[in-house]
Amino acid sequence: MPGYTELITRAYSVMFSAFRDCKDCGLELSRRTLLDHAYITWTEIFMFLLCAVMWTKVRRGLTVYIFEPFAQWCCIQPKDVSKMPESAWKLVFYTMSWSYSTYLLFFTSYSFFQNPPSVFYDWKSGMSVPTDITIAYLIQGSFYGHSIYATIYMDAWRKDSLVMVVHHFITLALITFSYAFRYHNIGILVLFLHDINDIQLEFTKLNVYFKTRGGKEYLINDVLSNMGAISFSITWFWFRLYWFPLKVLWASCVTSVQSVPHIPFYFFFNILLFALLLMNIYWFLFIVLFVVKALTGQMTEVNDVREYEDENLKEQKDTNDQMSTEGKHVQNGITKKKHL
């Protein structure tokens with residue numbers, strides 16, 4: 001793999017050269033390229049919409065009949081009962097999806113992880129997509145379609161929720177267009193490098209929720225949440241900020257034009273991938289904030305620093321205390337007037 005410096009210099013050189021050589025770049029060329037090289041059927045679009053609705057229904061069913069009753073049976077804190085199903089659902093899905101991506105990359109004949117430039121070997125416009133990769137794309141694409149709706153209407157609202165919605169749109173665009181343009185090989189690599197962190201994040205949050213049950217603290221969940229937070233922090237950097245740019249961006253920016261000269265929608269895909277990298281860096285700042293708070297003693301236990309709830313509760317408590325104090329002053333003033 002290249003280093004960061006080589007990636008930046010080569011990517012800049014190749015992209016600038018590609019832009020300079022593109023004489024008729026613009027909307028008309030984009031329209032022609034889309035019509036000539038994008039292949040997607042109405043049946044595939046229908047299956048995408050059907051599965052997106054299915055994920056929403058499955059989540060609602062699991063929440064109502066399994067996750068919420070289990071949370072209440074375990075007597076976790078009332079403020080966590082509504083958040084626990086979200087994490088449980090995401091843990092189930094991402095464990096399934098990442099396991100399948102791992103199977104494709106390490107237990108089949110695909111060598112995209114070991115040799116990232118191979119994602120563009122033998123690429124042809126309109127080439128057939130292997131069934132096993134098509135299944136992965138249907139699962140992931142429909143899930144992110146569901147996730148746009150879920151983030152707005154089903155999930156707890158957090159400081160980064162707007163960024164999360166943008167992330168889901170970018171991810172869905174990457175999945176849809178990479179499938180249509182037959183860049184599915186690099187798509188599997190991108191999904192593999194991102195899903196593992198979601199598993200660790202939701203696992204950690206679940207252990208935070210289950211740490212206090214029935215008014216008692218359980219050490220095992222405290223230990224697991226701390227281990228999960230440490231593992232999550234390390235793998236976030238390793239998978240999303242090290243492997244992702246040096247494997248995926250190197251292949252998409254540099255080696256792609258060597259394998260496929262004048263590769264369609266070269267700038268479009270690379271801009272989306274760089275946007276994904278910027279969002280990974282943005283979320284890594286939350287991780288750094290968490291680590292700083294933990295090391296400086298500002299945080300005594302694992303908490304999601306993106307959440308509003310604790311701050312709102314504190315502000316509400318301060319407001320109530322202030323109103324209570326003012327009420328006592330008013331009552332004392334009235335009492336004094338009565339005595340006079």
Which heavy atom of [X] sits nearest a heavy atom of [Y], and at what distance?
X: Glu68; Y: Pro85; value: CG-CG, 3.6 Å
X: Pro261; Y: Gln258; value: CD-O, 4.3 Å
X: Arg213; Y: Cys74; value: CB-O, 3.2 Å
X: Asn197; Y: Leu193; value: OD1-O, 3.8 Å

Practice problem: Could you tell me how the ring of Phe70 sits relative to the ring of Phe210: parallel (under 30°), tilted (30 to 60°) or perpendicular (over 60°)? | Solution: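 The rings of Phe70 and Phe210 sit tilted, inter-plane angle from 30° to 60°.
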Practice problem: Over 60° means perpendicular and under 30° means parallel, so classify the ring planes of Phe268 and Phe265, tilted if in between. | Solution: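 Geometry flag for Phe268 against Phe265: perpendicular rings.
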Quiz item: Distance from Met279 atom CE to Thr171 atom OG1, nearest 0.5 Å?
Solution: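 Met279 CE to Thr171 OG1: 6.0 Å, rounded to 0.5 Å.
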Quiz prompt | Interatomic distance, Asn226 atom CG to Ser231 atom OG [nearest 0.5 angstrom] | solution =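 So the CG of Asn226 and the OG of Ser231 are separated by 12.5 Å.
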Self-check item: Between Trp55 and Ser142, a side-chain donor and acceptor under 3.5 Å
Solution: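 Distance-only check passes for Trp55 and Ser142.
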Closer than 3.5 angstrom, by distance alone: can the side chain of [X] be matched with the main-chain N or O of [Y] as a donor-acceptor pair?
X: Gln140; Y: Leu191; result: no
X: Ser161; Y: Arg158; result: yes
X: Ser13; Y: Thr9; result: no
X: Tyr266; Y: Phe19; result: no

If you count the non-hydrogen atoms of other residues, nucleotides and ligands that lie under 6.0 Å from [atom1] in [X], is the total more than 12?
X: Tyr218; atom1: OH; value: yes
X: Phe169; atom1: CZ; value: no
X: Met47; atom1: CE; value: no
X: Phe267; atom1: CZ; value: yes

Cluster check [X], [Y]: I/L/V/M/F/W/Y, side chain < 4.5 angstrom:
X: Met96; Y: Trp98; answer: yes
X: Tyr4; Y: Val254; answer: yes
X: Met227; Y: Ile287; answer: no
X: Leu105; Y: Leu138; answer: no
X: Tyr282; Y: Leu241; answer: yes

Quiz item: Are the ring centres of Trp236 and Phe232 closer than 6.0 Å?
Solution: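 Under 6.0 Å, so yes.
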Exercise. Please check if the distance between the ring centroids of Phe143 and His146 is under 6.0 Å.
Key: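 Between Phe143 and His146, the centre distance is under 6.0 Å.
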Quiz item: Which residues, ordered by chain and number, are linked to Ile230 in its hydrophobic cluster, where ILVMFWY side chains connect at heavy-atom gaps below 4.5 Å, directly or through other members?
Solution: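 Its cluster mates, by chain and number, are Ile234.
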Self-check item: Salt-bridge criterion met for Glu202 and Lys205 (N-O under 4.0 Å)
Solution: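 Counted as a salt bridge, because a side-chain N and a carboxylate O are separated by less than 4.0 Å.
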Self-check item: Asp80/Lys211 salt bridge by N-O under 4.0 Å criterion
Solution: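 Not counted as a salt bridge, because no side-chain N and carboxylate O are separated by less than 4.0 Å.
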Practice problem: Would you sort out whether Ile199 and Leu91 count as a side chain to side chain contact (heavy atoms under 4.5 Å, CB included), showing the intermediate values? | Solution: CA-CA 5 Å; Ile199 297 174; Leu91 178 64; 3.9 Å; yes
Quiz item: In this structure, which one of Ile188, Ile135, Thr95 forms a side-chain contact (heavy atoms from CB on, under 4.5 Å) with Tyr100?
Solution: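 Of the listed residues Ile188, Ile135, Thr95, the side-chain contact (heavy atoms from CB on, under 4.5 Å) partner of Tyr100 is Ile135.
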Show me the donor-acceptor pairs within less than 3.5 Å that the side chains of residues 176-186 make with the rest of the protein, sequence neighbours left out.
unit_1, atom_1, unit_2, atom_2, d
Thr176, OG1, Leu172, O, 2.8
Ser178, OG, Tyr137, OH, 2.8
Ser178, OG, Leu174, O, 2.5
Ser178, OG, Ile175, O, 3.1
Tyr179, OH, Glu44, OE2, 2.6
Arg182, NE, Met127, O, 2.6
Arg182, NH1, Tyr39, O, 2.9
Arg182, NH1, Tyr179, O, 2.7
Tyr183, OH, Pro264, O, 2.6
Asn185, ND2, Val119, O, 3.2

Self-check item: side-chain contact (heavy atoms from CB on, under 4.5 Å) partners for Phe106, two or more places apart
Solution: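 Phe106 satisfies side-chain contact (heavy atoms from CB on, under 4.5 Å) with Thr102, Phe113, Gln114, Phe192 once adjacent residues are dropped.
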Practice problem: Test side chain to side chain contact (heavy atoms under 4.5 Å, CB included) on Phe244 and Leu273 and set out the steps. | Solution: CA-CA 9 Å; Phe244 174 66; Leu273 289 172; 4.1 Å; yes
Practice problem: List the steps, then state whether side chain to side chain contact (heavy atoms under 4.5 Å, CB included) holds for Trp89 with Arg60. | Solution: CA-CA 10 Å; Trp89 161 248; Arg60 288 191 190 278; over 6 Å; no
